[in-house]
There are 2 protein chains.
Amino acid sequence: MTLKLDKVNRGPHLSTLVASSISREIAQGRLKPGDQLPTEQALATTFGVSRNVVREAIARLRSEGRIWSQQGRGAFVADAANATVLTIDYETLQRADSFRNLFELRGVLEVQIAALAASRRSDADIAAMEQALDGMRTAPYGSVAWLKNDLGFHRAVAEATQNPYMGQFLVFVSERVRESILAAGNQQKSDDMARTTLGEHERILAAIKAGDAKGASAAMTRHLAGAASRVGLPGGEASAKPASPARHSRLRKAVRGQAAG
Amino acid sequence: MTLKLDKVNRGPHLSTLVASSISREIAQGRLKPGDQLPTEQALATTFGVSRNVVREAIARLRSEGRIWSQQGRGAFVADAANATVLTIDYETLQRADSFRNLFELRGVLEVQIAALAASRRSDADIAAMEQALDGMRTAPYGSVAWLKNDLGFHRAVAEATQNPYMGQFLVFVSERVRESILAAGNQQKSDDMARTTLGEHERILAAIKAGDAKGASAAMTRHLAGAASRVGLPGGEASAKPASPARHSRLRKAVRGQAAG
DNA sequence: CTTGTCGTGTTATCATACAACCCTGATTGA
DNA sequence: TCAATCAGGGTTGTATGATAACACGACAAG
């Protein structure tokens with residue numbers, strides 16, 4: 001078997017530690033919006049690092065919109081709503097329910113995106129989808145190239161909405177889903193899955209090509225349900241035995257609700 | 001009349017300038033993934049700043065996942081997919097179509113969120129929504145308090161899905177929409193609008209309370225259409241005269257497609 | 001009460017030095 | 001010939017000190 005090495009976790013930079021430490025203080029409410037942070041010098045001594053490191057940490061938090069600073073005055077905690085970036089930190093990604101929730105969010109986006117794409121797609125969009133599909137046909141299932149083309153297909157669908165934010169958000173969520181799959185670890189793959197997955201994609205493409213919004217939504221819903229079962233989530237129609245009936249029906253209802261139309 | 005002073009735009013920090021300069025190089029493809037950046041010293045001299053400033057800029061880009069660096073080797077451009085944050089920079093927010101696109105994205109999220117909320121809401125969620133609605137009743141239309149409670153209502157709906165990412169994403173998008181409204185500037189408000197808006201919210205709450213997913217989606221769709229017309233977007237049912245019939249129908253179809261159920 | 005000045009504290013930037021680390025190439029030993 | 005070892009230079013990471021720009025309050029002068 002191949003070696004399974006954990007990515008060596010060299011201690012992250014000091015500035016990262018300082019930044020997450022301050023970030024935690026804010027998240028846990030010990031630093032409220034409007035509060036003034038200690039001076040850079042004070043932070044440097046309390047953390048036992050140089051002022052330079054503190055400054056890098058603050059620069060980072062400032063770029064995230066968590067704090068703002070003014071020369072001669074100090075640094076202050078910003079309102080939570082002012083966060084200018086959306087980020088999902090690596091720790092929460094590894095929680096089990098993260099995966100399910102992210103997958104659901106992805107579904108919310110994808111199903112609607114498919115409908116919009118069907119009514120707005122251009123010829124170039126169709127070509128991009130077909131190219132991605134071709135890439136999936138030639139690459140082995142689950143390989144890097146396969147995954148790349150899989151994401152490429154969904155991105156092409158999103159871009160067919162002619163709304164750039166759709167693609168931006170979808171790719172972001174999809175990448176988090178992928179990371180969270182990797183965090184969960186193993187998943188078996190088979191040639192059967194490859195065929196099934198490809199077929200699902202082809203049906204999506206056909207509906208979009210035909211300009212059939214409802215059909216595209218439905219095809220995407222089926223694809224997501226299939227993908228869910230393939231990665232071991234309850235809610236996929238093909239899942240053998242749901243672990244918890246209650247949760248199962250809840251998820252299923254959710255997925256089906258998206259297809260309603 | 002009151003003075004209308006522009007917020008004095010003190011030049012941003014040098015590190016910000018450097019960071020966006022490098023960021024632009026990456027975005028425009030002059031720096032491709034895998035490429036090595038010039039050394040910190042070289043960047044410092046070319047930009048005419050100290051190495052410290054360059055380091056703050058790099059720390060920021062690293063935290064955004066745009067580049068990665070290793071001690072003793074250098075800094076390299078990361079794959080685009082590795083971006084760990086989702087950000088919409090202020091410049092693109094001010095483009096006219098940004099607003100329309102963001103609003104559409106918000107619609108995609110909200111309509112589905114309303115349906116999920118209707119089938120999963122707890123008593124505490126209902127209470128939170130009612131509290132926000134009360135806040136809107138007492139605050140003057142368009143005031144800060146009003147806006148806060150408006151956002152609070154939608155956030156409460158999102159949290160009723162029991163999926164934390166829904167709220168996180170929705171709040172993020174909503175804030176961008178709000179900023180983009182502010183960037184666009186003027187919009188008239190009337191007491192009439194206050195009553196209408198409140199009524200729309202109340203219908204959403206009623207449907208969620210009743211556990212009626214389809215009704216909640218429909219109510220949310222109507223609310224969004226109304227909101228669109230109130231901020232001057234074509235697509236709202238109440239908009240008097242659509243500027244461009246083609247675009248009008250396109251948006252309307254999109255909004256209606258989300259309600260299909 | 002208003003205005004101007006000054007001193008103190010803070011952030012922003014610069015400059016320099018050293019430590020930790022990677023890469024390369026020469027040297028050494030078998 | 002080949003592999004291991006080691007020295008050197010280059011790069012990032014961190015520390016330290018100094019200076020400039022700025023905010024704010026105290027205080028005196030009018």
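Quick note on labels: first sequence line is chain A, next is B, and so on, each numbered from 1.
Considering only heavy atoms from C-beta on, A:Q168 stays 4.5 Å or farther from A:R155 through its side chain.
Taking the nucleotide of DNA chain C with the nearest heavy atom to each of A:N52 and A:Q71, the more 5' of the two is matched to A:Q71. Taking for each of A:V49 and B:G72 the nucleotide of DNA chain D with the nearest heavy atom, the 5'-most of the two is the partner of B:G72. Summary of the strand contacts: A:R73 and A:S15 both lie near DNA chain D, and taking for each the nucleotide with the nearest heavy atom, the more 5' one is attributed to A:S15.
If you take CD of A:Q41 and C1' of C:dT8, they are 16 Å apart, rounded to a whole angstrom. Rounded to whole Å, the distance from CG on A:L37 to C1' on C:dG9 is 16 Å. One interatomic measurement links the two molecules: CZ of A:F76 to P of D:dC24, which rounds to 8 Å at whole-angstrom precision. Between B:F47 atom CZ and C:dT13 atom C1' there is a gap of 16 Å when expressed in whole angstrom units. In this structure, A:E56 places its CD atom 14 Å from P of C:dC14, rounding to the nearest Å. We find that CD of A:Q70 is positioned 21 Å from P of D:dA20, with the value rounded to whole Å. As a whole-Å value, the separation of A:R55 CZ from D:dG13 P is 17 Å. Remark: C1' of C:dA20 and CG of A:L14 are 12 Å apart, rounded to the nearest angstrom.
Distances were taken from every side-chain heavy atom of B:H13 (C-beta onward) to each of C:dC22, C:dT11, C:dA12; the shortest belongs to C:dA12. Closest approach to the A:E40 side chain among C:dC14, C:dA12, D:dA15 is made by C:dA12 (side chain taken as heavy atoms from C-beta onward).
Annotation: cation-pi geometry not satisfied between A:R100 and A:F103 (NZ/CZ under 6.0 angstrom from ring centroid, within 45° of ring axis).
A donor N or O paired with an acceptor N or O is not found under 3.5 Å between the base of D:dG17 and the side-chain atoms of A:R51.
A side-chain donor-acceptor contact under 3.5 Å links B:N101 to the backbone of B:D97. Between the side chain of A:N149 and the backbone N or O of A:A145, at least one donor-acceptor pair lies under 3.5 Å.
Between A:W146 and A:H201, the angle of the ring planes goes over 60°, which puts this pair in the perpendicular group of the 30/60° scheme.
A close approach under 4.0 Å does occur between a side-chain nitrogen or oxygen of A:S69 and OP1 or OP2 of C:dA12. Look at A:S50 and you'll find a side-chain N or O under 4.0 angstrom from OP1 or OP2 of D:dA15. In this structure, B:R62 reaches the D:dG13 phosphate: one of its side-chain N or O atoms is under 4.0 Å from OP1 or OP2.
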